[in-house]
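One-based numbering, in listed order, for ligands and for the atoms of each.
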Amino acid sequence: MKRTVNKENWWENAVAYQIYPRSFQDTNGDGIGDLQGIIKRLPYLSELGVDIIWICPIYSSPNDDNGYDISDYQNIQKEYGTMEDFDELLNKAHGLNIRVIMDLVINHTSSAHPWFIESRSSRVNPKRDWYIWKDGKDNKEPNNWESIFGGSAWEYDEHTKQYFLHVFGKTMPDINWENEQVKKAVFDMVCWWLDKGIDGFRVDAISHIKKPDFEDMPNPKKKRYVPSFEKHMNQPGIIKLLKELKDNAFSKYNIFTVAEANGVRTEEIDDWVSQENGIFDSLFQFDHLNLWNVEVEKEKIPLKKMKQALSKWQKVTKKDGNVALVMENHDLTRSINRFGSPDKYWKESAKCLAMMFFFQKGVPFIYQGQEIGMLNADYTSHLDFRDEPPLVSYEKRIKKGMSKEESFWILKNTTRDNSRTPMQWDDSRHSGFTTGSPWMKVNQNYNWLNVKGQEQDEYSILNFYKKIIKLRKSTPAFVYGKYKLILKDNEQIYAYTREYEGECYLILCNVSNQYSKSELPFDISKGELLLGNYKKIDTKENILKPYECRAYKLT
Ligand code: GLC
Ligand code: CA
């Protein structure tokens, strides 16, 4: 099944689509999305115009973190189907010119992985050192690190009387990347998938694999556990480990790899994603998405900050390197709720945000449902939510004295479940996602917000996405052109140009619910309007309506 691709960097002008399989399409009525469901929807994805699908983890897993806790890398989770289903999916996707990239979770495994079961069986087991085991200190954990999912980053093992490290959940022990054998086992597994003919990986939490030391975090506030990112996120020595991953696996194949790269700085772009030295082809950076902390600020973030956060990555990838362009994923709330107008200007703001990010330099990723403007979960009780870490925080806040209402408000505005509600395919019961009872409730707005309805509406968000995908793919300037931010200090308008081989394109987005006047350095009345989101536009006055966006070819 191995395929060879001639063109170098086949992924450069690609558009990617992220699938959260659990919530995409169920075909056997158990209320859980499955591989046959993805197969069923391949024609939809092909019609949309995507070139790559990234499938979130579908490997065997106890599902404590919906598959990010893997117990067998080389098997398919039963509820998703079989390896035959996967092979069928891969073949059919390739038949439609859609490449498939898998989620690669190698910072940790599940505690149910045979490697870990052996490792925990005794202190002298040959796989003991495949994970990170330490003695306690004064009858407590080896240090004061807090896990990203809350609580201590260490879990005590009664049987061998030592603690193991878990940067994420307590059933997700971190692999010891200093051990040669476990690395070899990981690289072999990576090559096994690549030999099967998949087209690359989205590499999960990869900036966490290096832990240079296990000292306590400074603790001036005398907290029991302290957030410990400075100890395990993008730490010195990581590049050496990543090079081994590249040399022993990635570099042998013509694939596309994109790293989830929390904590990586623009100065480090060369090591991470340059053509020559880069470990990966692209990376997810979250600077623009981390700006808004709803727990602290109820107001949405100023647009200027967003422009700065995105533009600094555009700047460093000007000549070389590549970032993934992303507004949503399975760990975030929906972008319209975050940055747009979920009620009055739902449609306008969905399109405006789409245009804003889509024509920048990089590989655009669309997260399932984003292309129809899906919104945050509309649940009214915390019992409807499924993702555990935010629920634990919800209870904790109440215990500390916060009112239930306020704690629920924070939960609702932060939980990862917001993007994990079932895909809204049509207006039949459970939105066409399942004929059974969905593992997570469908948003009630599926009655009017669904794929089927939007396919029939020329001006729908879905059809707008189809247009921007086409436009991007047929315009080299959007792939290779120079990015220039204009109207830098404007608080409402995000505007930029892309210039390539004598052609110049202008993207103009009024990311606000106000009318905004733009003082542009060009005469756009002479430009060619390629796409907009209002039927009637006023080019003379340069007034942009609420959430109006336009793409021009300038002359
Ligand atoms: C990444 C994934 C997230 C998961 C975590 C641990 O951040 O996107 O969903 O919980 O890694 O694997
Ligand atoms: Ca199913």
Inset, instruction - May I ask you to list the atoms of ligand 1 that are less than 4.0 angstrom from any heavy atom of R416? - result: 3 (C), 4 (C), 9 (O), 10 (O)
Inset, instruction - Output the list of atoms in ligand 1 that are nearer than 4.0 Å to some heavy atom of H330, sorted by atom number. - result: 2 (C), 3 (C), 8 (O), 9 (O)
Inset, instruction - Classify the ring geometry between F284 and F365 as parallel (under 30°), tilted (30 to 60°) or perpendicular (over 60°). - result: perpendicular
Inset, instruction - Over 60° means perpendicular and under 30° means parallel, so classify the ring planes of W115 and W130, tilted if in between. - result: perpendicular
Inset, instruction - Hey, can you tell me if F24 and W425 have their rings parallel, tilted or perpendicular (30° and 60° cut-offs)? - result: perpendicular
Inset, instruction - Compute whether any side-chain donor of one residue and acceptor of the other, for S282 and N322, lie under 3.5 angstrom apart. - result: yes
Inset, instruction - Distance to 0.1 Å, residue and atom name: give those for the protein heavy atom nearest to atom 7 (O) of ligand 1. - result: E260 OE2, 2.9 Å
Inset, instruction - Describe, in one word, how the ring planes of W145 and F214 are oriented to each other, choosing from parallel (under 30°), tilted (30 to 60°) and perpendicular (over 60°). - result: parallel
Legend entry - atom 9 (O) of ligand 1: the protein heavy-atom neighbour that sits closest, reported with distance to 0.1 Å: D331 OD1, 2.7 Å
Inset, instruction - Note the single closest protein heavy atom to atom 11 (O) of ligand 1, along with its residue, its atom name and the distance in Å. - result: D204 OD1, 2.8 Å
Legend entry - Salt-bridge criterion met for K183 and E180 (N-O under 4.0 Å): yes
Inset, instruction - Using a strict 4.0 Å cut-off to heavy atoms of H108, name the atoms of ligand 1 that fall inside it. - result: 6 (C), 12 (O)
Legend entry - Heavy atom of the protein closest to atom 5 (C) of ligand 1 (residue, atom name, distance): F168 CE2, 3.7 Å
Inset, instruction - Give the ring-plane orientation class for H208 versus F229, where under 30° counts as parallel, over 60° as perpendicular and anything between as tilted. - result: tilted
Inset, instruction - State the count of protein N/O/S atoms located less than 3.0 Å away from the Ca ion (ligand 2). - result: 5
Inset, instruction - Give a yes or no answer on whether the side chain of S428 reaches the backbone of S431 with a donor-acceptor pair at less than 3.5 Å. - result: no
Inset, instruction - Report, in ascending order of atom number, the atoms of ligand 1 lying under 4.0 Å from any heavy atom of F149. - result: 10 (O)
Inset, instruction - Report the relative orientation of the aromatic rings in W133 and F116; use parallel for angles under 30°, tilted for 30 to 60°, perpendicular for over 60°. - result: parallel
Inset, instruction - Classify the angle between the aromatic ring planes of Y163 and Y156 as parallel (below 30°), tilted (30 to 60°) or perpendicular (above 60°). - result: tilted
Inset, instruction - Report yes or no: does R202 have a heavy atom closer than 4.0 Å to ligand 1? - result: yes
Inset, instruction - Please report which non-hydrogen protein atom sits nearest to atom 10 (O) of ligand 1, along with the residue it belongs to and the distance in Å to one decimal place. - result: D65 OD2, 2.5 Å
Inset, instruction - Of the side chain and backbone of F284, name the one, both, or neither that has a heavy atom under 4.0 Å from an atom of ligand 1. - result: neither
Legend entry - Electrostatic pair K399:E395 at N-O distance under 4.0 angstrom: no
